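All values reported here derive from a predicted model rather than from experimental measurement. Only this structure's heavy atoms are used, side chains among them; waters, hydrogens and symmetry mates stay out.
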Amino acid sequence: MTRAQLKTKLVQMLEENVGREFSNIQESDDLRASLGLDSVDLVTLLIEIQGQLGVVVANEELMDLKTVGTLLDLLERKTAVRKAA
């Protein structure tokens, strides 16, 4: 999956899980401050990501997820590893 495809998928999951539209997401957007996600939203999103993309996000990796860009970086790495396996 390309980064653009991952971003599109991420926006779809956000909209489905949070229940509002995220039409102009930027990679610099903070997941909490800019997008207004709380802890429950983030956990729900990560469960959805793991289920739909078939990747596992370790607890240590959650600490680094601050922006949309850092989440996309992680997803790129995870999907590339999965594809290579």
Inset, instruction - For Ile47, enumerate each residue passing the side-chain contact (heavy atoms from CB on, under 4.5 Å) test, keeping only those at least two apart in sequence or located in another chain. - result: Val43
Legend entry - Pairwise distance CD(Gln12) to CG(Asn17) - rounded to 0.5 angstrom: 11.5 Å
Legend entry - Closest non-hydrogen atom pair, Asp41 against Gly36: OD2-O, 4.0 Å
Legend entry - Check: Thr67 main-chain N/O paired with Thr70 side-chain donor or acceptor under 3.5 Å: yes
Legend entry - Spacing of CG belonging to Leu71 relative to CG belonging to Leu6, to within rounding of 0.5 Å: 9.0 Å
Legend entry - Over all atoms of both residues, closest heavy-atom pair of Leu45 and Met13: CD1-CB, 3.9 Å
Inset, instruction - Flag yes if Met1 and Val56 sit in one hydrophobic cluster, no otherwise; membership is Ile, Leu, Val, Met, Phe, Trp, Tyr, and two members link when side-chain heavy atoms are under 4.5 Å apart. - result: no
Legend entry - Heavy-atom pair of closest approach, residues Leu10 and Val68: CD2-CG1, 4.1 Å
Inset, instruction - Scan residues 45-70 for pairs that pass salt bridge (Lys or Arg N to Asp or Glu O under 4.0 Å), counting only residues two or more places apart or in two chains. - result: Glu61-Lys78
Inset, instruction - Go through the structure and list residues passing side-chain contact (heavy atoms from CB on, under 4.5 Å) with Thr2, not counting sequence neighbours. - result: Ala4, Gln5
Inset, instruction - State, yes or no, whether a side-chain contact exists between Leu46 and Ile49 at a heavy-atom distance under 4.5 Å. - result: yes
Legend entry - Residue list, salt bridge (charged side-chain N to carboxylate O under 4.0 Å, His left out) with Glu16, at least two apart or on another chain: none
Inset, instruction - Just jot down the side-chain contact (heavy atoms from CB on, under 4.5 Å) partners of Val11, sequence neighbours excluded, or say none. - result: Glu15, Phe22, Ile25
Legend entry - Non-neighbouring partners of Arg32 that pass side-chain contact (heavy atoms from CB on, under 4.5 Å), sequence neighbours left out: Asp30, Ser39, Leu42
